[in-house]
**Student:** 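Once you've had a glance at the structure underneath, I'll fire off some questions.
Sequence lines set the chain letters: A, B, ... in the order given, protein chains first and strands last, and positions in each chain run from 1.
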Amino acid sequence: MRVDGRDIGVRFDDERVLYALRDALHDRLGDVAAPVRYSIRTRRERTSGSRALAVVYRDTEVVLRSRSRARALIALGEHLACHAVTPSGLLRIDALGAVGDNGLAVVVPRPADACTFDRHLAANGMHVIDAPALLVDALDMTVVVPDPFFGSAVRSITGVAPGLAEEAEEFDDAPARPGRYPIVAWALPSSRSRGARVAQLASLTQLPPEQRSLPALTSLAEQVHFVDERVSRAPDRARWMAGLAAANPY
Amino acid sequence: MTASLPRAREDVEHVVLDGEAVVYDPVLGSVHHLNATATLVWQCCDGTGSIDDLVDDLAGAYDAPRPQIETDVRTLLADLESRALLVAPDGRAGDAGSGRAGEATAGEERGDEVEAPADPPSP
């Protein structure tokens with residue numbers, strides 16, 4: 001498919017995904033030959049009758065595993081959206097975000113075990129943001145979870161397979177819903193200076209050449225509550241993140 | 001080789017915080033963090049003064065031996081040029097591939113370089 005001028009290959013095991021892509025990208029979907037970059041497996045049943053995991057791969061790497069096919073499809077959309085132009089006024093930053101039940105977001109460096117970390121977050125009442133990079137509004141210090149890139153596609157599939165949309169909410173690992181979430185804490189390695197912190201954030205940000213982004217990053221670096229991350233085990237890190245969200249220093 | 005009248009590139013975006021510059025090069029997609037000394041030298045590179053002029057100005061400002069200042073300035077200029085933050089002698093941006101702060105002998109004196117992601121980051 002072609003997303004904002006980029007050819008991206010997607011492999012799938014259910015032709016409804018193709019219908020969904022056509023439905024969602026009708027004006028951008030070209031019939032192009034491209035190496036497979038993403039794969040999505042959505043088959044519902046195992047031969048044993050139990051529900052199979054839906055899996056999204058980027059190249060050969062698993063980026064998401066879930067019992068929810070809808071969540072996998074929406075997450076694939078967010079990965080594809082990252083190849084498109086970043087919405088004006090927002091920064092796209094390589095980090096992992098999670099939202100507590102109180103609607104506050106905590107941001108941490110993306111862990112190597114991101115595709116299994118969500119279950120630890122869920123166990124602590126946190127909802128992961130399913131995207132390879134976070135959309136951040138530096139004006140109001142919020143993480144923005146956009147409406148699904150495949151919103152119409154999910155509705156389209158729902159028409160074919162009633163109940164699919166509800167699957168995204170059906171499981172304990174339900175991701176954060178679309179909305180804006182104030183950032184209550186951001187874990188970054190200690191920086192020696194304000195400049196170092198801005199440079200650190202800039203290195204994690206997809207900086208569009210045509211847009212001045214450093215003032216926004218500076219604003220972010222000046223206003224967000226940064227913390228040192230001192231925990232490494234996934235369950236401990238998830239508990240720590242939930243504690244930060246619950247502490248709400250505002 | 002540094003131009004005789006070194007000039008900072010004007011097509012980069014930068015902010016200065018507590019005397020330290022963070023510079024984003026939209027052409028190469030790279031981010032540079034310059035410490036206060038490197039920032040001062042970079043900002044003095046306006047294309048009108050020679051390296052000797054730069055050394056004179058800084059020697060006065062820092063009250064340090066001129067030979068030491070000259071060595072430092074030339075080293076910093078070479079580093080800035082290797083980061084493509086100076087207009088090259090032929091008028092083009094410098095060769096960014098020729099040097100990185102991590103490979104320099106005094107990286108702490110000059111700053112850090114970090115690369116901005118060109119593509120969506122790996123999960």
**Student:** Which heavy-atom pair separates A:A199 from B:H33 by the least distance, and what is that distance?
**Tutor:**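 The pair with the smallest heavy-atom distance is CB-CB, 3.7 Å.
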**Student:** Could you note down all residue pairs passing ring-ring contact (aromatic ring centres under 6.0 Å, His included) where residues 37-63 of chain B supplies at least one of them, sequence neighbours left out?
**Tutor:**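 ring-ring contact (aromatic ring centres under 6.0 Å, His included) check on residues 37-63 of chain B returns B:H14-B:W42.
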**Student:** Taking C-beta and beyond as the side chain, do A:L207 and B:V31 meet within less than 4.5 Å on heavy atoms?
**Tutor:**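 Yes; the side chains approach each other to less than 4.5 Å.
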**Student:** Could you pull out the closest heavy-atom pair between B:V15 and A:L214, with the gap in Å?
**Tutor:**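 Scanning both residues, the minimum pair turns out to be CG1-CB, 3.8 Å.
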**Student:** Look only at the side chain of B:Y24 and the backbone of A:S213, and say whether a donor-acceptor pair between them is shorter than 3.5 Å.
**Tutor:**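 Not confirmed, B:Y24 side chain does not pair with A:S213 backbone.
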**Student:** Taking A:S193's backbone N and O only, do any of them form a donor-acceptor pair with B:E20's side chain (distance below 3.5 Å, no angle check)?
**Tutor:**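 Here the side-chain-to-backbone pair does not exist.
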**Student:** At what distance, to the nearest 0.5 angstrom, does CZ of A:R197 lie from CG of B:L17?
**Tutor:**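 Between atom CZ of A:R197 and atom CG of B:L17 there are 11.5 Å.
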